[in-house]
Amino acid sequence: MKVTINDVAKLAGVSMKTVSRVINKEPSVRKKTYDLVMSAVNELNYQPNIAARNLAGTSSFAIGLVYDNPNAYYVIDMQNGVLSRCKDEGYELVIHPCSYHDDNMQDEFKTMIKRSRLAGLVLTPPLSEQQSIIDLLDELGVQYVRLLSGRESDILERNNCILVNDFAAAYEITEHLISLGHKRIAFVLGDKEHKSTSERLAGYHQALKDYNIEPCKDLLYEGSYSFESGVNGAKELLKDGNPKMITAILGGNDEVAAGALFAARLMNIDIPSELSITGFEDSPFSRQTWPKLTTAHQANDVISEHAARLLFSKARGSRKQDKDIKTTFTPNIVIRESTGPAKL
């Protein structure tokens, strides 16, 4: 016979309401009671019925991950991070792709939240950067956590944000290229609507400034976070025999860098003896090219797992933030074979 919540309550010697509070991880439950109930749950191999829990009351036992990003690797990492925390909490995960360019985006959000009866949302860029969405969620009273490109010095509502310090990471990559003797460093940028693009550009500019290298607009290519943009950007920057004397290209992300590397190969430019190329994020793209890309490692699964932790903490009404929740991440440089000394 199927084990019920009543069976757990009898074995633990507590009420069914107490068992429910333990399963729902309410913060007011004493540790002794929690351990007693969980011992009974494990002994009986009790599996809470998520659907029944949703139908039984107003509380929802599902959260949503909302994204607008064509990079499958990014989405999978984000999904895995949030899902790992959902499993620990006994929640389901609803994954919802949408386009922030869509005129009906707000209506889509409302419908999704009502149909799925979500306890909260994890918002990824660029959706997390849209004030109209934030205002809507505040109006609906929905809990949310935003993944954002930013620095600790930024003035933000820090209690619902996980920051990725793209500025510091871009600075470190640019500094690495400068240390190899590069001064004519081009940058193929990502989508201008993404805050990560402006943050990475700012880090690049700050590194050049600190090493007394004059920034040059001719070395910037405004593109998007895609392989094709990297191809087109590199071709444009290096056309007519590279009269701009570019010795290195910083790609807005690994897809862009892989595209730039592909274009360089088509132009018979050797990597890295004639041109160094770097990426960003350390996605599988960075390890599938030849040579492998120097990049900045961004642990998207860990970042999203901490975002989910923060969301659950907020949903439970915890006044104090879990000290184990990390709210700022700085990608670290990974040096591989795509960068070398500048050709003088």
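- Under the 4.5 Å side-chain heavy-atom criterion for Ile, Leu, Val, Met, Phe, Trp and Tyr, I249 and V334 are members of distinct hydrophobic clusters.
- Placement of V75 and L147 within a single hydrophobic cluster is found when ILVMFWY residues are connected by side-chain heavy-atom separations under 4.5 Å, directly or transitively.
- Proximity of a side-chain donor or acceptor of D254 to a complementary backbone N or O of S283 within less than 3.5 Å is detected.
- Within 6.0 Å of NZ in K195 there are more than 12 heavy atoms belonging to other residues, nucleotides or ligands.
- Remark: the backbone N or O of E193 is not paired with any side-chain donor or acceptor of D191 at under 3.5 angstrom.
- Using modelled atom types, one finds no donor on one side chain facing an acceptor on the other under 3.5 Å when comparing S132 with D135.
- Between the side chain of T247 and the main chain of L275, no donor-acceptor pair closer than 3.5 Å is present.
- For the pair R200 and F280, the cation-pi criterion (under 6.0 Å, within 45° of the ring axis) is fulfilled.
- L118 contributes atom CG, which lies 5.5 Å from atom CG of L121 (distance to the nearest 0.5 angstrom).
- Between R336 and S286, the side chains place a donor N or O and an acceptor N or O closer than 3.5 Å (distance only, hydrogens not considered).
- More than 12 non-hydrogen atoms from other residues, nucleotides or ligands lie less than 6.0 angstrom from CD of E274.
- For the residue pair H194 and S149, no side-chain donor N or O sits within less than 3.5 Å of a side-chain acceptor on the partner.
- A distance-only check finds no donor-acceptor pair linking the side chain of H182 to the backbone of T174 [under 3.5 Å].
- Checked by atom type and distance alone, the side chain of S338 never pairs as donor or acceptor with a backbone atom of P272 at under 3.5 Å.
- Relative to the ring axis of Y211, K209 does not place its NZ or CZ within 45° and under 6.0 Å from the centre.
- Counted within 6.0 Å of CZ on F227, heavy atoms from surrounding residues, nucleotides or ligands total more than 12; the atom is thus considered enclosed.
- If you check the side chains of N232 and E228, you find no donor sitting under 3.5 Å from an acceptor.
- Within the model, atoms OG of S128 and CD1 of I162 stand 11.5 Å from one another, a figure rounded to the nearest 0.5 Å.
- A donor-acceptor pair under 3.5 Å is absent between the side-chain atoms of D7 and the main chain of V3, judged by distance alone.
- At a threshold of 4.5 Å between side-chain heavy atoms, the hydrophobic network of Ile, Leu, Val, Met, Phe, Trp and Tyr places L140 and L127 in one connected group.
- R146 and E129 are not joined by a salt bridge, as no carboxylate oxygen comes within less than 4.0 angstrom of a charged side-chain nitrogen.
- Taking 4.0 Å as the cut-off between side-chain N and carboxylate O, K292 and D282 do not count as a salt-bridged pair.
- Side chain to side chain, Y74 and E281 fail the donor-acceptor criterion of an N or O pair below 3.5 Å.
- Taking the six-membered ring where tryptophan is involved, the planes of F285 and Y73 are perpendicular, since the angle between them exceeds 60° and thus also 30°.
- For the residue pair Y225 / S196, a side-chain donor-acceptor distance below 3.5 Å is found, with atom types taken as modelled.
- Between the side chain of Y204 and the backbone N or O of I185, at least one donor-acceptor pair lies under 3.5 Å.
- Put simply, F167 and L201 are part of two different groups of oily side chains (I, L, V, M, F, W, Y) that touch within less than 4.5 Å, one to the next.
- Under 3.5 Å, the side chains of S226 and S229 contain no donor-acceptor pair of N or O atoms.
- The distance between the ring centers of H306 and F329 falls below 6.0 angstrom.
- The neighbour count for K244 NZ, taken as heavy atoms of other residues, nucleotides or ligands under 6.0 Å away, is above 12.
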